[in-house]
Amino acid sequence: MVDAEPLDAVVIGAGFAGLYMVYRLREQGFSVQGFERGDGVGGTWYWNRYPGARCDSEIMFYSFSFLPDLEQEWPLTERYPGQPDILRYLEEVASRLDLRKDFTFGAEVTALEFDEAAGRWTLRTAQGHQVTARYVVTAVGCLSTANQPRFPGADSFRGLTLHTGNWPREPVDLAAQRVAVIGTGASGIQAIPVIAERAAHLTVFQRTAQFTIPAENGPLDDQFVALWKQNYPEWRRRARHSPAGFAYNPSITSAFEVSAAERRAAFEAAWGAGGFTFLSGTFRDLALDEEANETAADFVRSKIDEIVRDPEVAEMLKPRDFPIGTKRLPLDTNYYETFNRPNVTLVDLKRTPVEEITPAGIRTSAGHHDLDVIVYATGFDALTGPLEALGIRGRGGRSLRDAWREGPRTYLGVAVPGFPNLFTITGPGSPSVLSNMPVSIEQHVEWIGDCLAWARGHGAKVIEATEQAAAGWTDHVQQVAGHTLHPKAASWYMGANIPGKPRIFLPYIGGVGNYRDRCAAVAANGYEGFVTSGEGSGDHGARPGDHRAA
Ligand code: N01
């Protein structure tokens, strides 16, 4: 399966990002081929099929803006779309744009090597494909490499072992099963209430209690949908220039500008309304000031007391280790309520850690739990994991893993010095996971498409971010994060969930709108921070002392 004719570009991944990138490049007249390890399109929504999987972005914002017909035709059924709906949406996009013919499915990229003399990449897959291309664009998602803890004895378990991020395509029947869920992040919090309704017994193994806010999911009113669709262009415009890719106005009031009673009323109203506006829509300083943050955290803890009948269980569920919002705030449907069910047990792993997994279940320091199914809801090696797994080798054969040993260094989260002609959609150092993903993905795809067209127009064989630009951007990403409470949490944003991973704040928290302006300015200044080389490029932007092979 060796492709002799070099391509202009390869795109890795067939989720929101990969589908749009392939379409965009094809429309721009580039020869492009997509590679996807799954057997179909969908990306995140292909792999995360666990019970209760649903998007925490409201459906009105969770779609492409560049398909106005589909935007009008697609039914906006419930407030938060479920995994099957989103997968159907992406399948429809792929059909309408005739994209499947441009992808190779079931193809896991294991090596990407840059040939400095030719200025091209060679891509290889585990299934034996090999192609060369001028450009590589990664569209591998930020949360696609599962974090699978290795407990002693794990392989001896005789029952079924599952991971939320890699759920089987065929239905899993949990009825009458004794199920364990390990992990209480956004995935566990979505899955636990649904599994509890199906399973004979559910044991939740919690290491760190998490804050969660009601989603208040439900059907959308016809009139609301009609009005929304009428005004779609304006909603989209606002989302693009907002802090997080939603068209809502953040609060401008400090938590301490109001009385304690008014504060409580504001939290109560936001809790009742459901969704992320609990933080951004109530008070402006919750992400910045510890005391202000504590007022919101206290409110959620008081809600746990109201909801959970057993005071001992309520106490175990109360988060106390980190400021609210510094680990991604999950949205839930009946999460705390689930612990009132007679068939649900909560185990605090900090008090009674897992000692081993046995053929029949899990043994903690307090005793053995007999189980038929173990569900790992233990998250991902976020942002860097999916990129490092591609086996990327840039200039001098240096691996990306090695280049990022101290943490990722990127320019705008989209390019990496030493890895020319490689572009990363929603890479580390971009708003990515702190934003509504389709908004950030569209911005990156369009920016990368324009950049490649510009490079082609300038006859460049190679375009590469400079060390200086990447160092400046990486510092800026850390500085902005340092103004918030985020670095205080041992979160996956900080790489803290993966043993040995450097502690560095991975996404860019400066806001989607600001980031977009910054990227636009870089483009307007002739792709400032990049150097090009090759026939006809006039070694555009090359700095003195820059002796790179063309
Ligand atoms: O993963 P997580 P997730 N032993 O890393 C625990 C997105 N998402 O899949 O906190 C025992 O948040 C870990 O404990 P601790 C969203 O961005 C989006 O839930 O590290 N426990 C934690 O409780 C989200 O943030 C949607 O102490 C272990 C849990 O496992 C991101 O995906 C829906 C452990 C992991 O939580 C990741 O969420 C779902 C161990 N060895 C997810 N290792 C949407 O709405 C880890 N844990 C679109």
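Note that ligands are numbered from 1 as they come in the structure, with each ligand's atoms numbered from 1 the same way. Along the sequence shown, residues carry numbers from 1.
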Side-chain heavy-atom pair Thr145, Phe380 within 4.5 angstrom cut-off | no

Which atoms of ligand 1 sit under 4.0 Å from any heavy atom of Leu349?
-> 11 (C)

Is it the case that His486 and Ser491 place a side-chain donor and acceptor less than 3.5 Å from each other?
-> no

May I ask whether Tyr376 has any heavy atom positioned less than 4.0 angstrom from an atom of ligand 1?
-> no

Should Arg24 and Glu442 count as an ion pair when the cut-off is N to O under 4.0 Å?
-> no

Look at atom 36 (O) of ligand 1 and say which protein heavy atom is nearest, naming residue and atom and giving the distance to 0.1 Å.
-> Gly185 CA, 3.5 Å

Pick one of side chain, backbone, both or neither for how Gln210 approaches ligand 1, counting any non-hydrogen atom pair under 4.0 Å.
-> neither

Check ligand 1 against Gly379 and write out every atom of the ligand that is under 4.0 Å from a heavy-atom position of the residue.
-> 1 (O), 3 (P), 5 (O), 9 (O), 35 (C)

Purely on distance, is any nitrogen or oxygen of Trp45 under 3.5 Å from one on ligand 1?
-> no

Go through ligand 1 atom by atom and flag the ones less than 4.0 Å from a non-hydrogen atom of Cys55.
-> 45 (O), 48 (C)

For a side-chain contact (heavy atoms from CB on, under 4.5 Å) with Thr358, tell me which candidate from Arg158, His369, His368 qualifies.
-> His368

Considering only non-hydrogen protein atoms, determine which one is nearest to atom 6 (C) of ligand 1 and report residue, atom name and distance to 0.1 Å.
-> Gly183 CA, 3.7 Å

Pro428 side chain reached by Leu387 side chain, heavy atoms, under 4.5 Å | yes

Atoms in ligand 1 flagged as close to Tyr50, the criterion being non-hydrogen separation under 4.0 Å | 33 (C), 39 (C)

For Glu306, look at atom CD and say whether over 12 heavy atoms of other residues, nucleotides or ligands are found less than 6.0 Å away.
-> yes

Hey, is Gln206 one of the residues with a heavy atom under 4.0 angstrom from ligand 1?
-> no

Are Glu58 and Tyr248 linked by a side-chain donor-acceptor pair shorter than 3.5 Å?
-> yes

Within the structure, does Arg54 bring an N/O atom to less than 3.5 angstrom of an N/O atom in ligand 1?
-> yes

Ligand 1 to Thr208, heavy atom cutoff 4.0 Å, flagged ligand atoms 10 (O), 15 (P), 27 (O)

Which residue and non-hydrogen atom of the protein lie closest to atom 29 (C) of ligand 1, and at what distance in Å?
-> Ala377 O, 3.3 Å

Leu143 neighbourhood, listing ligand 1 atoms whose heavy-atom distance to it stays under 4.0 Å = 7 (C), 17 (O), 31 (C), 32 (O)

For atom CZ of Arg309, is the number of surrounding heavy atoms from other residues, nucleotides or ligands below 6.0 Å larger than 12?
-> no

A student checking ligand 1 against Thr184 at a 4.0 Å heavy-atom cut-off should list atoms 22 (C), 23 (O), 29 (C)

Using the ring of each side chain (for Trp, its six-membered ring), is Trp45 parallel, tilted or perpendicular to Tyr62, with breaks at 30° and 60°?
-> perpendicular

Consider every N or O of Ser187 and every N or O of ligand 1, then say whether any pair is closer than 3.5 Å.
-> yes

Arg96 and Glu92 ion-paired at < 4.0 Å | yes

The answer for which part of Phe151 has a heavy atom under 4.0 Å from ligand 1 is side chain

Ligand 1 to Ile182, heavy atom cutoff 4.0 Å, flagged ligand atoms 11 (C), 21 (N)

Under a heavy-atom criterion of less than 4.0 Å, does Val433 contact ligand 1?
-> no

About how many Å separate CD1 of Ile182 and CD1 of Ile362, when rounded to the nearest 0.5 Å?
-> 4.0 Å

For ligand 1, is any non-hydrogen atom under 4.0 Å from Tyr493's backbone (N, CA, C, O), its side chain (CB onward), both, or neither?
-> neither

Going by distance alone, is a donor N or O of one side chain under 3.5 Å from an acceptor N or O of the other, for Arg54 and Thr333?
-> no

Atom 14 (O) of ligand 1: which protein heavy atom is closest, and how many Å away?
-> Arg207 NE, 3.7 Å

